[in-house]
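The structure appears below as structure tokens.
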There are 2 protein chains.
Amino acid sequence: MERASPPVPGPDAFWSCESYVVVVTPGTPTTQRSQAVTLEQPTLEAACEAIADGLEREALVTVFGRCTVDYDGRASSTLEAGDRHVMLKPDGAALVHTDEGQQPVNWQPPGCDHDVRCDGGADGESDPELILESVRSTPDERLCVRFEEVLQVSTFFGADENELALSGTEEDLRQRILDEPALLETGFTPLATERDTPAGAIDIYGEDAAGRSVVVELKRRRVGPDAVSQLRRYVDALERDLHADAAVRGFLVAPSVTDRATRLLSDHGFEFVPLEPPAE
Amino acid sequence: MERASPPVPGPDAFWSCESYVVVVTPGTPTTQRSQAVTLEQPTLEAACEAIADGLEREALVTVFGRCTVDYDGRASSTLEAGDRHVMLKPDGAALVHTDEGQQPVNWQPPGCDHDVRCDGGADGESDPELILESVRSTPDERLCVRFEEVLQVSTFFGADENELALSGTEEDLRQRILDEPALLETGFTPLATERDTPAGAIDIYGEDAAGRSVVVELKRRRVGPDAVSQLRRYVDALERDLHADAAVRGFLVAPSVTDRATRLLSDHGFEFVPLEPPAE
DNA sequence: CGTGCCAGGTGCCCT
DNA sequence: AGGGCACTTGGCACG
């Protein structure tokens with residue numbers, strides 16, 4: 001069950017720890033950019049060794065098998081035995097996935113130290129197990145996955161130079177209004193974005209045609225009461241900040257608004273402008 | 001590159017579609033509860049077949065390789081070629097992970113239809129690719145992952161009957177106060193939880209020793225201005241609801257509070273009670 | 001299915 | 001490191 005020492009990707013691989021040039025297989029003389037090495041149904045000891053090796057080499061490591069999971073930190077949790085998929089990332093993140101849900105059942109954020117060891121079984125007192133631990137501080141948090149059986153261990157090396165290009169965000173919506181202020185109201189003049197107040201930063205601050213102060217709160221999607229409260233905080237704070245008697249107008253800009261939020265808007269004398277982030 | 005048809009787990013496996021009894025390997029006559037089947041460096045066609053088979057059998061399927069990712073729905077995004085880890089869950093969830101971050105770079109929530117196909121290459125006009133598509137409606141969203149190279153395909157079958165036991169939640173904090181109302185204030189009497197108002201539901205509604213109405217907002221962790229705004233909404237709404245002149249007292253219960261939130265609390269005449277969810 | 005809100009939210013940016 | 005907030009937030013419970 002000895003497996004070849006996995007080569008490490010070249011210098012442009014973003015998750016390499018060092019630069020190597022390695023021959024993967026006789027007859028494969030090129031530098032491997034990416035690679036996946038897999039153990040199937042390994043012993044716990046072999047799995048442990050492969051995982052330790054993968055972590056050492058800054059690989060992305062996955063483990064599938066029957067395990068229990070314990071977490072303690074900001075909250076605490078336990079999960080009895082079952083088959084789950086565990087992913088350990090070289091940046092210190094850990095994910096435990098069941099076969100359901102988009103969210104991991106347990107996890108650890110980037111910045112953790114991963115540790116793996118085999119324990120028990122020798123003295124016959126306890127069942128043998130493979131223990132995966134991810135620990136961090138600030139806050140102190142510990143995730144512990146104990147495998148009684150490992151069905152697969154994989155280590156992945158790869159290269160990924162590109163970043164996600166996302167559109168349809170609140171930032172895009174803001175830009176749309178700054179490009180064409182009349183979308184808010186004829187005569188509107190933006191004066192600042194992220195204008196700071198004692199209650200937080202105003203998305204867009206400006207003036208209407210009559211020179212009255214305007215606070216604009218932006219939301220990329222349909223909004224509820226919380227967005228109205230937010231606008232309320234900023235308008236209140238600005239009125240105090242300006243210590244002026246002139247009323248400050250509050251605008252909520254979003255694709256749509258719920259009934260309750262509509263009611264709250266009207267209670268506070270705020271205005272709603274239906275507008276979406278650009279589609280492209 | 002022909003691989004054995006993967007057995008499907010027994011009736012207690014929660015992600016089986018049907019019940020089979022299968023002999024995995026000659027000499028392994030028992031029903032397999034869990035299994036991991038892996039292809040390394042498959043052709044795109046072989047990968048496609050394995051993925052299609054895994055999806056068909058309600059397995060958890062992972063694919064690692066060089067791909068581009070396009071998403072369109074509530075927002076839209078593109079991601080140029082790189083090596084990523086894709087997980088397809090039998091409940092319809094899809095996750096695309098790079099080697100960094102706890103969050104997937106792209107994803108699709110449960111309830112999607114996964115589809116896989118091979119395309120191009122035959123006519124020489126376009127490079128051959130393996131296309132993974134996850135689609136849902138309400139809202140209409142589409143995720144498309146195009147692999148130019150697949151380094152690994154795995155299909156996982158497993159059993160997981162146990163659910164996560166979590167403690168340290170807001171619910172635990174609420175129970176703590178209901179068990180010992182004096183933790184809020186001597187003489188406090190809880191009257192209702194989740195009491196509905198036009199502005200939303202009040203975590204705990206009750207009376208103080210003098211019979212004045214009390215609104216309690218709970219947070220399991222340190223809070224900022226948003227929690228104060230929330231409390232404000234409920235107190236306002238309750239005062240209108242009761243159409244009484246008697247002032248309603250507002251309490252914020254949390255482990256701690258930020259400076260800005262402290263300021264806002266004092267502005268509104270609310271009180272803060274430092275309290276944590278029980279540790280166990 | 002929409003509304004409202006908690007979450008071990010996470011991630012990003014700013015001080 | 002802590003604060004404030006957006007997020008394709010996800011997830012749940014309720015009308």
Side-chain angles (χ1 to χ4, degrees), chain A residues 71-77 93 100-111 136-143 164 166-174 194 196-203 217-227 230 233-234 256-262 277, chain B residues 71-77 93-96 100-111 136-143 164 166-174 194 196-203 217-227 230 233-234 256-261 277:
Chain A
Y71 155 74
D72 195 67
R74 288 167 291 175
S76 61
S77 71
E100 284 183 341
Q102 171 182 341
Q103 299 303 126
V105 62
N106 277 113
W107 69 91
Q108 205 66 289
R136 72 158 172 166
S137 49
T138 359
D140 276 340
E141 292 196 296
R142 179 190 317 292
L143 181 70
L164 186 75
L166 178 68
S167 73
T169 66
E170 180 180 307
E171 168 61 26
D172 295 324
L173 178 57
R174 173 188 335 188
E194 301 294 324
D196 207 49
T197 75
I202 297 170
D203 283 339
E217 176 60 29
L218 305 173
K219 292 295 171 192
R220 67 169 302 280
R221 62 173 191 173
R222 182 173 174 87
V223 297
D226 53 335
Q230 213 177 332
R233 281 210 315 274
Y234 301 151
S256 61
V257 64
T258 67
D259 285 349
R260 276 232 254 248
T262 302
Chain B
Y71 154 74
D72 195 67
R74 288 167 291 175
S76 61
S77 71
L95 302 167
V96 183
E100 285 181 343
Q102 170 181 340
Q103 297 303 128
V105 63
N106 277 111
W107 69 90
Q108 204 67 287
R136 72 158 171 165
S137 49
T138 354
D140 277 340
E141 292 195 296
R142 172 184 269 89
L143 180 70
L164 187 75
L166 179 67
S167 72
T169 65
E170 179 179 308
E171 170 60 27
D172 296 325
L173 178 56
R174 172 184 347 194
E194 302 293 322
D196 207 49
T197 76
I202 297 171
D203 283 339
E217 175 62 27
L218 305 173
K219 292 295 170 191
R220 67 168 303 282
R221 62 169 192 175
R222 182 174 174 87
V223 296
D226 53 335
Q230 211 178 333
R233 282 210 312 275
Y234 300 152
S256 60
V257 64
T258 67
D259 285 349
R260 271 225 255 248

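Source: prediction; values computed, not measured. Side chains included, hydrogens not; waters and symmetry mates left out as well; all remaining heavy atoms used. All chains are named by letter (A, B, ...) in the order of the sequence lines, taking the proteins before the strands, and each is independently numbered beginning at 1.
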Considering every strand and a 4.0 Å limit on heavy-atom distances, what is the contact class for [X]: base, sugar-phosphate, or nothing?
X	value
B:Pro104	nothing
A:Gly73	nothing
B:Gly101	sugar-phosphate
B:Ala199	sugar-phosphate

Round to a whole Å and report the spacing from [atom1] of [X] to [atom2] of [N].
X	N	atom1	atom2	value
A:Lys219	D:dT8	NZ	P	13 Å
A:Arg233	D:dG4	CZ	P	9 Å
B:Glu170	C:dC5	CD	P	11 Å
B:Leu143	D:dT8	CG	P	13 Å
B:Tyr71	D:dT9	OH	P	7 Å

[X] side chain to [Y] backbone, donor-acceptor under 3.5 Å:
X	Y	result
A:Gln230	B:Asp226	no
B:Arg260	B:Gly224	no
B:Glu141	B:Arg74	yes

Do A:Gln102 side-chain and D:dG11 base share a donor-acceptor contact under 3.5 Å? no
Please compare A:Asp226 and B:Leu166 by the position of their nearest nucleotide in DNA chain C and report the one closer to 5'. A:Asp226
Most 5' of B:Ala201 and A:Asn106 on DNA chain C, judged by nearest nucleotide: B:Ala201
In terms of side-chain geometry, is the basic nitrogen of B:Arg174 or B:Glu194 positioned less than 4.0 Å from the acidic oxygen of its partner? yes
Nearest-nucleotide wise, let me know which of B:Arg260 and B:Ser76 is further upstream toward the 5' end of DNA chain D.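 With B:Ser76 and B:Arg260 compared, the 5'-side residue is B:Arg260.
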Position toward the 5' end of DNA chain D (nearest nucleotide), B:Glu141 or A:Thr138: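 By nearest-heavy-atom nucleotide position, the 5'-most residue is A:Thr138.
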Minimum-distance nucleotide (side-chain atoms of A:Leu164 versus C:dC6, D:dG11, D:dT8): D:dT8
Distance, P atom - from C:dG4 to C:dG8, rounded to whole angstrom: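 Going atom to atom, P in each nucleotide, I get 22 Å.
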P gap between D:dG11 and C:dG11, integer Å: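 It works out to 16 Å between them.
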Examine the side chains of B:Ser256 and B:Arg222 and answer whether a donor and an acceptor come within less than 3.5 Å of each other.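 Yes, a side-chain donor-acceptor pair sits under 3.5 Å.
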